[in-house]
Amino acid sequence: MTITVYGIANCDTVKKARKWLDARGVSYNFHDFKKGGLTQERASEWIAELGVEKVVNKRGTTWRKLDQAIQESVTAESAPALLASQSSLVKRPVIDLGEIRLIGFDKAVQADLETLLD
């Protein structure tokens, strides 16, 4: 299984996820949004699978800096273009396990990873 971790290198949650994977000897590729960007197509796939509310990070500073009219107009149809232009708006990390994507890195995601990696 090829695992890809999508995120931003200096994000604390991404660091925590990568450290967790490293400690378990799990091999993965890291895709840094700041260096590799995010395509509208990939953002659209994530939204179709996980939902716009789960993929768009509405708690971060990038979201808070957006004009309120833009915030209010974000939908599953409009979000991919916005996420492609401002990848910091993606909730991080996105852990792509091939058939399944997990987003964030709370205890529930860790438990899911434990199950999926066994």
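Nothing fancy with the numbering, it's 1 onward along the sequence.
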- Query: For the side chain of Ser73 and the backbone of Ala69, is there at least one donor-acceptor N/O pair under 3.5 Å apart?
  - Reply: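 Side chain of Ser73 to backbone of Ala69: a pair is present.
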- Message: Between His31 (side chain only) and Gly37 (backbone N and O only), is there a donor and an acceptor less than 3.5 Å apart?
- Response: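 At least one qualifying donor-acceptor pair exists.
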- Which is it for Tyr28 and Arg18 under the side-chain contact (heavy atoms from CB on, under 4.5 Å) test, yes or no, and what are the steps along the way? CA-CA 9 Å; Tyr28 62 90; Arg18 293 179 72 188; 3.3 Å; yes
So do [Y] and [X] actually touch side chain to side chain, heavy atoms under 4.5 Å?
| X | Y | result |
| --- | --- | --- |
| Thr4 | Val94 | no |
| Asp12 | Val14 | no |
| Ile47 | Leu83 | yes |
| Ile3 | Leu117 | yes |
| Leu66 | Leu82 | yes |
| Val90 | Val56 | no |

- Message: Once ring pair (Phe, Tyr, Trp, His ring centres under 6.0 Å) is applied, do any residues pair with Trp20, and if so which ones, sequence neighbours excluded?
- Response: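 With sequence neighbours excluded, Trp20 shows a ring pair (Phe, Tyr, Trp, His ring centres under 6.0 Å) to Phe105, given in chain and number order.
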- Message: Is it the case that atom NZ in Lys65 sees more than 12 heavy atoms from other parts of the structure closer than 6.0 Å?
- Response: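 No, the 6.0 Å shell around NZ holds no more than 12 heavy atoms from other groups.
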- Message: Can you pull out every side chain to side chain donor-acceptor pair (under 3.5 Å) where at least one residue sits in residues 78-98? Sequence neighbours excluded, please.
- Response: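 Sorted result for residues 78-98: Lys34-Ser88, Thr75-Ser78, Asp96-Arg101.
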- All pairs passing side chain to side chain donor-acceptor pair (under 3.5 Å) where residues 103-118 contributes a residue, at least two apart: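 Side chain to side chain donor-acceptor pair (under 3.5 Å) check on residues 103-118 returns Arg24-Glu114.
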- Message: In terms of relative ring orientation, are Phe33 and Tyr6 parallel, tilted or perpendicular, with 30° and 60° separating the classes?
- Response: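 Parallel: the ring planes of Phe33 and Tyr6 meet at under 30°.
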- Assess whether side-chain contact (heavy atoms from CB on, under 4.5 Å) is satisfied between Trp63 and Leu89, documenting all intermediate values. CA-CA 6 Å; Trp63 176 261; Leu89 286 168; 3.9 Å; yes
- Item | CA sep, side-chain torsions, deciding dist, call: Val26, Leu113, side-chain contact (heavy atoms from CB on, under 4.5 Å) | CA-CA 11 Å; Val26 176; Leu113 273 173; over 6 Å; no
